[in-house]
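A short write-up of the structure that comes next.
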Amino acid sequence: MLTAHHPPQEGPGTPAGEGDDGSAIRRPARLVLRDRTRAQHDATEAAFAGYDLSKRHHYRAFLTAHAIALPGLEIAVTGRGWKGFQPRLPLLADDLAALGTWLPTPMIASDTSDAGAWGVQYVLEGSKLGGRLLSKGLPGDVPSKYLSPAASMSADWQAFCAAFDEAAIMQDSAWLEDAIDAAIESFQFFRRAATCIAEDLS
C-alpha cells in the first residue's frame with residue numbers, strides 16, 4: 001500500500017557471487033532496496049491495517065493520512081531521480097474535495113540527496129501497486145482518482161525499476177545506501193501519518 005533487521009550490506013558495486021566463467025554477478029539494486037526496506041514496508045502496512053476502506057469515513061481518514069505525508073515527499077523529488085515520475089497530489093486533493101474534506105496541513109519532509117530521490121520515488125511508485133488492490137474494496141459511490149490505477153501503471157513500475165538499476169550500477173555503494181535510507185524515511189513518514197489519524201477512527 002503504500003514496508004531492526006539489518007542483512008549484510010550489498011550495493012551495486014558489491015558482487016553477489018560468481019558466474020560459471022568466474023565473472024562477478026551483481027545483484028540488481030532494486031532487489032537490494034526491496035529487501036533492506038521490507039521491515040519498514042511491513043510496519044507501514046500494519047499501521048494502515050485498521051483502516052476499513054469499505055467504510056466511507058475510514059476511506060476519508062485514509063486519504064487524509066496520505067495527504068499529510070505525500071506533499072512534502074513529492075515536492076522533494078519532483079524533477080529529480082526518475083524522469084517518468086508524476087506527482088499524484090492533485091488526484092488526492094480532488095478526491096478529498098469530492099468527499100467534502102480540506103487538505104490537511106502536511107508534514108515537512110527532510111531534504112534529500114539525488115540518490116535519496118530515487119528511494120523516495122521507489123516508495124511512491126510502489127504505493128500505486130497497492131492502490132490498485134485497495135481500490136477494489138471501496139464503496140461504489142466514492143471518488144477514487146488517487147487509488148485507481150492508470151493504464152500504464154505496470155509498465156511505469158517496470159520502467160522505474162529498470163531506470164533505478166541502471167542509475168545504481170553507475171554509482172558506488174554509498175549511493176545505494178542513500179536511496180535505502182530515503183526509502184526507509186518515506187515509509188516512516190506514511191506510518192506516522194497513519195498512526196496520527198487512526199487515533200480518531202471508530
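All of these numbers come straight from a predicted model, not from anything done at the bench.
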Heavy-atom pair with the smallest gap, counting every atom of [X] and [Y]:
{"X": "Ala93", "Y": "Leu103", "value": "CB-CD1, 3.9 Å"}
{"X": "Ile68", "Y": "Thr105", "value": "CG1-O, 4.1 Å"}
{"X": "Ala67", "Y": "Pro106", "value": "O-CB, 4.1 Å"}
{"X": "Thr37", "Y": "Ala183", "value": "CG2-CB, 3.9 Å"}
{"X": "Pro90", "Y": "Pro87", "value": "CD-O, 4.2 Å"}
{"X": "Thr64", "Y": "Pro104", "value": "O-CG, 3.7 Å"}

With a 3.5 Å distance limit and no angle check, can you tell me whether Thr101 reaches the backbone of Ala97 through a side-chain donor-acceptor pair?
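No; judged by distance alone, with no hydrogens or angles, the pair does not exist.
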
Would you say Thr44's side chain and Arg191's backbone share a donor-acceptor pair under 3.5 angstrom?
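No, Thr44 side chain to Arg191 backbone: no donor-acceptor pair under 3.5 Å.
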
Point-to-point distance, once rounded to the nearest 0.5 Å, from [atom1] of [X] to [atom2] of [Y]:
{"X": "Leu147", "Y": "Leu91", "atom1": "CG", "atom2": "CG", "result": "10.0 Å"}
{"X": "Asp114", "Y": "Gln171", "atom1": "CG", "atom2": "CD", "result": "9.0 Å"}
{"X": "Leu138", "Y": "Ser148", "atom1": "CG", "atom2": "OG", "result": "7.5 Å"}
{"X": "Lys128", "Y": "Tyr146", "atom1": "NZ", "atom2": "OH", "result": "9.5 Å"}
{"X": "Thr112", "Y": "Leu73", "atom1": "OG1", "atom2": "CG", "result": "9.5 Å"}
{"X": "Leu176", "Y": "Ile169", "atom1": "CG", "atom2": "CD1", "result": "11.5 Å"}

Centroid-centroid under 6.0 Å between His66 and Phe62 rings:
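Yes, the ring centres sit under 6.0 Å apart.
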
Are Phe164 and Trp175 an aromatic pair, judged by ring center distance below 6.0 Å?
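Between Phe164 and Trp175, which both carry aromatic rings, the centre distance is below 6.0 Å.
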
Which residues pass the ring pair (Phe, Tyr, Trp, His ring centres under 6.0 Å) test with Tyr51, sequence neighbours left out?
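With sequence neighbours excluded, Tyr51 shows a ring pair (Phe, Tyr, Trp, His ring centres under 6.0 Å) to Phe48, given in chain and number order.
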
Among pairs that include at least one residue of residues 84-100, which meet side-chain hydrogen bond (donor to acceptor under 3.5 Å, both in side chains), considering only residues two or more places apart or in two chains?
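The answer is Arg88-Ser127, Asp94-Lys145.
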
Does a salt bridge link Arg30 with Glu166, judged by any charged N lying under 4.0 Å from a carboxylate O?
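Looking at Arg30 and Glu166, the cut-off is not met.
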
Same hydrophobic cluster for [X] and [Y], using side-chain heavy-atom links shorter than 4.5 Å among ILVMFWY?
{"X": "Phe85", "Y": "Trp157", "result": "yes"}
{"X": "Leu134", "Y": "Leu201", "result": "yes"}
{"X": "Leu92", "Y": "Leu129", "result": "yes"}

Start with the C-alpha gap between Arg27 and Asp35, add the side-chain angles, then the distance that decides, and say whether side chain to side chain contact (heavy atoms under 4.5 Å, CB included) holds.
CA-CA 12 Å; Arg27 192 161 180 240; Asp35 291 348; 2.3 Å; yes

Any side-chain heavy atom of Ser154 sitting closer than 4.5 Å to one from Arg132?
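Yes, at least one pair of side-chain atoms sits under 4.5 Å.
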
With a 4.5 Å cut-off on side-chain heavy atoms, are Leu99 and Tyr59 touching?
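In contact.
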
Which residues pass the side chain to side chain contact (heavy atoms under 4.5 Å, CB included) test with Arg192, sequence neighbours left out?
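With sequence neighbours excluded, Arg192 shows a side chain to side chain contact (heavy atoms under 4.5 Å, CB included) to Met107, Gln188, Phe189, given in chain and number order.
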
Side chain to side chain contact (heavy atoms under 4.5 Å, CB included) against Ser110, all qualifying residues, sequence neighbours excluded:
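For Ser110, the residues satisfying side chain to side chain contact (heavy atoms under 4.5 Å, CB included) (neighbours in sequence not counted) are Glu185.
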
Show me the donor-acceptor pairs, under 3.5 Å and distance only, between side chains in residues 115-122 and residues at least two apart or in other chains.
unit_1 : atom_1 : unit_2 : atom_2 : d
Gln121 : OE1    : Trp82  : N      : 2.9
Gln121 : NE2    : Val77  : O      : 3.2
Gln121 : NE2    : Arg80  : O      : 2.8

Could you pull out all residues at least two apart from Asp156 that satisfy side chain to side chain donor-acceptor pair (under 3.5 Å)?
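Side chain to side chain donor-acceptor pair (under 3.5 Å) check on Asp156 returns Ser152.
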
For side chain to side chain contact (heavy atoms under 4.5 Å, CB included), just list the numbers for Leu70 and Leu124, CA-CA rounded to whole Å, side-chain angles, deciding distance to a tenth of an Å, and then say yes or no.
CA-CA 8 Å; Leu70 187 69; Leu124 298 181; 3.7 Å; yes

